[in-house]
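Reviewing the structure listed below.
Basis for what follows: all heavy atoms, side chains included, without hydrogens, waters or symmetry-related copies. Numbering of ligands and ligand atoms starts at 1, following listing order.
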Amino acid sequence: MTESSSEKLIEVLRKAVSRTSMLAEGNDPKLDSVVRQIRLAITKGANADEIQTVLSDAEPLLIQSDEAQLTRAKQVRSCLQELIDLLEQQEQKSVPQNEKKQLEAQIRMHWQASSQWPGLLKSYLSLAEKTLSQKDSNQPKSSFLKTLFNAKKNAATSKNDNEVMGQISHTLAGLINNLMLPSHYDDDIADLKKALLGNKNLQQLPALLDEIINLIMVAIGKTQENLTNYLNQLNKQLASINDSISISYHSQKNLSESREGFNSKLQTQVTDTSQAVQNASDLDSLKALINDKMATISSTMTEYRTQMLEQEKHANQSITQLKNKVTRMEKDTASLRSLLQEKLAQAMTDSLTDLPNRTAYQDAILPLCKIMQKTQKPLCLAVCDIDHFKKVNDTWGHLAGDKVLRLVPKQIRSILLKQDHIFRYGGEEFVIIFPETNMEQAIQRAEAIRLAVEKAPFNMQGEPVSISVSIGVAELKPQEDPESLFARADKQLYLAKESGRNRVMANK
Ligand SMILES: Nc1nc2c(ncn2[C@@H]2O[C@H](COP(=O)(O)OP(=O)(O)OP(=O)(O)O)[C@@H](O)[C@H]2O)c(=O)[nH]1
């Protein structure tokens, strides 16, 4: 193995370990302790078998922790939805529909990433302020705080606000429970929950929401700090491997230097001998002289041979050590790489439908757009959303809802061509990429999908149920980026919903 391929190997290992660790860290105390063991094993140069054992222990915990994270994210998503619904229940006040739709779209897009939760809460805060700052529909609008101060004077409004605040506080307290913050935040969390549950004053809501947002941000920052410490530790380990490589290089260099020394010593001795032979005056002194010189040369050669053997032994030892180290690292890297690939595949797949998820969509869309734009071929994007899906959940329960979420993509797939790609974008929303497809063809395929879903015989507890989808379609423009393409298709979806659902609308 050359020096540069060792460096590459080290780099791959460093990335593999850091990414795996990143996936695992901070989710579960039991898992954190196993992750720490893996790091320790790698730092102290444990062999592949030892590391393998620790990794095998970690595997079920990693899977469990991923599932727990998904469940937490789902709960946070429903808390946010519940908070929006609570605003809707406000008498005499209407939630600004545009902002509400935008927030719901944000939730649909980002609910899985805990780093996005503070942003979602901030958007909710703004929606709550806008809603609550309205007086009743017959009165002119006033500011949020003004309404709050006036609330005392108005018994009816005050009662209603108190009730809503109570429910909001309760839901927020539930949301904090799902955040899984490190245990040293326990006191802060307890204080915050107490403040939330004891509070009946809407005026306090912005401050309390801010407090929650801060707490989440601090917790996310903490995880980053742990990761940095870990990477520093790993770098130290890599530096020690580099030292081994340079020691081996130097022992090779010493070997060739001592060979050169021997050559010149031998040369001098042969020259001296030939000089002495020329100067010899009789046969006896010549014999004695030659014997003497030959003894010197022979002892030089023996000395050199011993020295060479010693150095060779030394060099062989350090090469064997290095080889063993590299073999161990290769094995570790291979197992870490396969673990990482498995994890990445899991991270790209939606567990309910087995479809590629939003992350996979984001990885796929940019290169596809670039290729189509470069080759000047058309590409269309369809955003497809199940109609009145909340009603399915409310009427038949979540399990039935899940069943519909698995069946609808089957209908969609029956229409798609080999080249098309479908993703579960989030909730009850699917995205379809139609490469090498113009608008007319994409509308035809979207219409066929709509029809296939409409005609599909869905059954809930033995009763036939009709399900429909609304679809928005847009065609990629030259130079357009994927975000703008998505936004145009999503807008069409919104219009399809507005115009009665169960239809395809396209941005022609
Ligand atoms: N069963 C189940 N429900 C989900 C899942 N993800 C999201 N939902 C639900 O999907 C529903 C989406 O509701 P809304 O966004 O109001 O949309 P809708 O009822 O389909 O109404 P329109 O889209 O306007 O036709 C919410 O009730 C979510 O709880 C899931 O994985 N399983």
Under 4.0 Å, heavy atoms only, figure out whether ligand 1 is touched by the backbone of [X], its side chain, both or neither.
X: Asp402; value: both
X: Glu104; value: neither
X: Arg424; value: side chain
X: Leu399; value: neither
X: Asp394; value: neither
X: Arg501; value: side chain

For [atom], what is the closest protein heavy atom, and at what distance to 0.1 Å?
atom: atom 7 (C) of ligand 1; answer: Gly427 CA, 3.6 Å
atom: atom 28 (C) of ligand 1; answer: Asn393 ND2, 4.2 Å
atom: atom 17 (O) of ligand 1; answer: Glu428 OE2, 3.3 Å
atom: atom 30 (C) of ligand 1; answer: Leu405 CD1, 3.4 Å
atom: atom 16 (O) of ligand 1; answer: Lys390 CD, 3.8 Å
atom: atom 10 (O) of ligand 1; answer: Phe389 CD2, 3.1 Å

Please name the residue in the list Leu407, Val404, Ile467, Ile415 that meets the side chain to side chain contact (heavy atoms under 4.5 Å, CB included) test with Val453.
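Among Leu407, Val404, Ile467, Ile415, the one that satisfies the side chain to side chain contact (heavy atoms under 4.5 Å, CB included) with Val453 is Ile467.
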As a test of understanding, state which of Asp354, Leu355, Leu352 forms a side chain to side chain contact (heavy atoms under 4.5 Å, CB included) with Arg406.
Leu352
Atom 5 (C) of ligand 1: which of Arg77, Lys74, Lys403 has the nearest heavy atom?
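Minimum heavy-atom distance to atom 5 (C) of ligand 1 goes to Arg77.
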Indicate yes or no: does an N/O atom of His388 lie under 3.5 Å from an N/O atom of ligand 1?
yes
Under a 4.0 Å threshold between the charged nitrogen and the carboxylate oxygen, would Arg108 count as salt-bridged to Glu428?
no
Counting each atom of ligand 1 from 1 as listed, which ones have a heavy atom of [X] under 4.0 Å away?
X: Ile386; answer: 20 (O), 23 (O)
X: His398; answer: 1 (N), 2 (C), 3 (N)
X: Asp385; answer: 23 (O)
X: Gly401; answer: 1 (N)

Heavy-atom closest pair, residues Val465 and Trp396:
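In this case the closest contact between Val465 and Trp396 is CG2-CZ2, 3.7 Å.
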Would a distance-only check, ignoring hydrogens and angles, find a side-chain to backbone donor-acceptor pair under 3.5 Å from Thr131 to Leu127?
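At least one qualifying donor-acceptor pair exists.
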Check whether Glu104 reaches the backbone of Ile84 with its side chain - one donor and one acceptor, N or O, closer than 3.5 Å.
no
Does even one non-hydrogen atom of Lys497 get within less than 4.0 Å of ligand 1?
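Yes, that is the case, since the closest heavy atom of the residue is under 4.0 Å from the ligand.
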